[in-house]
Asker: 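I'd like to ask some things about the structure below.
So that the names make sense, note that chain A is the first sequence line, chain B the second, and so on, each numbered from 1. Atom set for the values below is all heavy atoms of this structure, side chains included, hydrogens, waters and symmetry mates excluded.
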There are 2 protein chains.
Amino acid sequence: MLPNPKQMDENLDPRVKRTRKLILDSFGILLAEKNFENISVQDVTDKAQINRATFYAHFQDKYALLDYSVSKMFMQEIEKRTLNACHYTPDNLRSLILAVCEFLGNMHSSCAQPHEQFESLIENQIKKHIFGLLSHWLSQSKVKLSTEIPATVATWAIYGLASHYSHMKKRPALEKFVDEALPLVSVNLEQFA
Amino acid sequence: MLPNPKQMDENLDPRVKRTRKLILDSFGILLAEKNFENISVQDVTDKAQINRATFYAHFQDKYALLDYSVSKMFMQEIEKRTLNACHYTPDNLRSLILAVCEFLGNMHSSCAQPHEQFESLIENQIKKHIFGLLSHWLSQSKVKLSTEIPATVATWAIYGLASHYSHMKKRPALEKFVDEALPLVSVNLEQFA
DNA sequence: TCAAATCTGTTGACTAAGCAACACTGGAGA
DNA sequence: TCTCCAGTGTTGCTTAGTCAACAGATTTGA
């Protein structure tokens, strides 16, 4: 039932890949049309031209679909920047903040009126990924300090920055915004550099 | 095994529609890249991301696929102009000639170097459709004459014209070309008007 | 000229997707 | 209040698609 999208989608049965792609694509289109609360499982399966029972063979409900969809998109963003296989450096941190800002920015552009519930579901999912990534980075450091607190602080800070950025009426240049914010996040992580 | 593409594709199992669409789309893309002789069933199934055995559940071989593909495209062209549900008039005949010219014209633009075998397979398929259509038209006339000879002559004339048109180095305006040719075809059919 | 490689068409066992039906829930409205 | 309606999950059975393996045909090239 798709606990996480990390498991290689490559070795899967082609039918499964096809079905998931149909579901995800349809879901993306629907999200651009109306907000998450008003999208039913029926809507998704109708657009995807698959049977409703098939949907439930892949996802527990539409919330699981949202989690999976957000996770998958976010991870692609991370992998594109090869941030999944590296360690902590100020520059990698900068890339990460950039990625989160861009991701949330795109989300806001491509989705119809975002609603509270929708945003908080996304927030939880993304923060989980950021935290996992930071923990991984910090654990590779020679200094063997506890990573939990610093990773938590940085995670919330990064998400907060990105959320703030994506909600701004007049968004400033992304690079400028990130460069200004970076020191406030990196200050707690430098010990792992 | 798909004797003709006429049977309503609507009521089919969604999986079947999906698979056929995947095959047809991939075939179309491949035809734009290389000529028919050099396209293997493997190429098609690889691009379509379906199993080779599945292909053979739908088509006998790649020649059957070509027949089906050409027939389907041509019939869509005919239905678009609502020529499938009408009778003989000079104006409908004109539309038909236009349709065949456009169809072959597009075919030549969108396919890589057409080869002999490829063209003759298409020719047979298209002529079959033209003949069927004309026979249907003429049979609706009040005059109960044999339609076979006139329909045959007109079929070959129409295909010949369209083939000629599509092979021309500098194609003249289509409307002009058709208007000039029309009388030479209609002369044998007027008795059914 | 022989061998390796590639494509073909087919099979049988397995798995995913389709479908119709079900009981259940939570509104919306007369 | 009751009923109607639309959506939710779930089930048992059917059908389509996958896969690995096979024998045979053709081509390639050493």
Asker: Charged N to carboxylate O under 4.0 angstrom, Lys34(A) versus Asp43(A)?
Answerer: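 So Lys34(A) pairs with Asp43(A) through a salt bridge.
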
Asker: Would you say Arg52(B) places a side-chain N or O within less than 4.0 Å of OP1 or OP2 belonging to dC19(D)?
Answerer: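 So the side-chain polar atoms of Arg52(B) never come under 4.0 Å of the phosphate oxygens OP1 or OP2 of dC19(D).
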
Asker: Of the candidate nucleotides dA17(C), dT10(D), dT8(C), which contains the atom at the shortest distance from the side chain of Thr19(A)?
Answerer: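 Side chain of Thr19(A) sits closest to dA17(C).
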
Asker: Do you see a donor-acceptor pair shorter than 3.5 Å between the side chains of His58(B) and Thr19(B)?
Answerer: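 Thr19(B) and His58(B) do not have a side-chain donor-acceptor pair below 3.5 Å.
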
Asker: Hey, which sits more toward the 5' end of DNA chain C by its nearest nucleotide, Lys62(B) or Gln49(A)?
Answerer: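 Whichever sits nearer the 5' end wins; that is Lys62(B).
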
Asker: Do Arg15(B) and dA17(C) share a donor-acceptor pair, side chain to base, under 3.5 Å?
Answerer: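 Between dA17(C) and Arg15(B), which were checked side chain against base, a qualifying N/O pair under 3.5 Å is present.
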
Asker: Is any NZ, NE, NH1 or NH2 atom of the basic residue among Glu102(B) and Lys80(B) found under 4.0 Å from an Asp or Glu carboxylate oxygen of the other?
Answerer: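 Result for this pair is no, no salt bridge flagged.
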
Asker: For the side chain of Val41(B), starting at C-beta, report the closest nucleotide among dT8(C), dA16(D), dG17(D).
Answerer: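 Taking heavy atoms from C-beta onward, the closest nucleotide is dT8(C).
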
Asker: Whole angstrom is fine here: how far is it from CD1 in Ile39(B) over to P in dC7(C)?
Answerer: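 Interatomic distance, CD1 of Ile39(B) to P of dC7(C): 13 Å.
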
Asker: Contact class for Ser40(A) vs. all strands (heavy atom < 4.0 Å): base, sugar-phosphate, or nothing?
Answerer: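 Sugar-phosphate: the residue Ser40(A), judged by heavy atoms under 4.0 Å, touches backbone atoms but no base.
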
Asker: As a test of reading the structure: which of dG9(C), dG18(C), dA17(C) is closest to the side chain of Asp61(B), going by heavy atoms?
Answerer: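 So the nucleotide nearest the side chain must be dG9(C).
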
Asker: Taking CG from Asn38(B) and P from dT6(C), how many angstroms apart are they, rounded to a whole number?
Answerer: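 So the CG-P distance, Asn38(B) to dT6(C), works out to 16 Å.
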
Asker: Within this structure, what is the CZ-to-P distance between Phe59(A) and dT10(D), rounded to whole angstrom?
Answerer: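 It works out to 15 Å between those atoms.
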
Asker: For His58(B) and dG17(D), is the shortest distance between a side-chain N/O and OP1 or OP2 below 4.0 Å?
Answerer: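 Looking at the OP1 and OP2 atoms of dG17(D), one of them is under 4.0 Å from a side-chain N or O of His58(B).
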
Asker: Is it true that Lys72(A) and Glu77(A) have a side-chain N and a carboxylate O under 4.0 angstrom from each other?
Answerer: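 Salt bridge absent between Lys72(A) and Glu77(A).
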
Asker: Atom CG of Asn11(A) to atom P of dC19(D): distance rounded to whole Å?
Answerer: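 Atom CG in Asn11(A) sits about 11 Å away from atom P in dC19(D).
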
Asker: Both Asp43(A) and Val16(B) contact DNA chain D. Which one's nearest nucleotide lies toward the 5' end?
Answerer: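 Result: Asp43(A).
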
Asker: To the nearest Å, give me how far apart CD1 (Ile50(B)) and C1' (dA17(C)) are.
Answerer: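 These atoms are roughly 16 Å apart.
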
Asker: Mind checking if Asn51(B) touches a base, just sugar-phosphate, or nothing, with heavy atoms under 4.0 Å?
Answerer: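 Since a base atom lies under 4.0 Å of Asn51(B), the category is base.
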
Asker: From the set dG17(D), dT11(C), dA16(C), return the single nucleotide nearest to any side-chain atom of Arg18(A).
Answerer: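 When the side chain of Arg18(A) is considered, dG17(D) is the closest of dG17(D), dT11(C), dA16(C).
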
Asker: Rounding to an integer number of Å, can you tell me how far Lys17(A) NZ sits from dA17(C) P?
Answerer: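 One finds 13 Å between P of dA17(C) and NZ of Lys17(A), rounded.
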
Asker: CD of Gln42(B) versus P of dG9(C): gap in Å, rounded?
Answerer: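 Going from Gln42(B) (CD) to dG9(C) (P), I get 11 Å.
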
Asker: Once you measure the plane-to-plane angle for Trp137(B) and Tyr88(B), does it fall in the parallel (<30°), tilted (30-60°) or perpendicular (>60°) bin?
Answerer: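 Answer is tilted, since the angle falls between 30° and 60°.
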
Asker: Indicate whether OP1 or OP2 belonging to dG9(D) is found under 4.0 Å from a side-chain N or O atom of Tyr56(A).
Answerer: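 Looking at the OP1 and OP2 atoms of dG9(D), one of them is under 4.0 Å from a side-chain N or O of Tyr56(A).
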
Asker: Provide, to the nearest angstrom, the distance between the CZ atom belonging to Phe55(A) and the P atom belonging to dG7(D).
Answerer: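 One finds 14 Å between P of dG7(D) and CZ of Phe55(A), rounded.
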
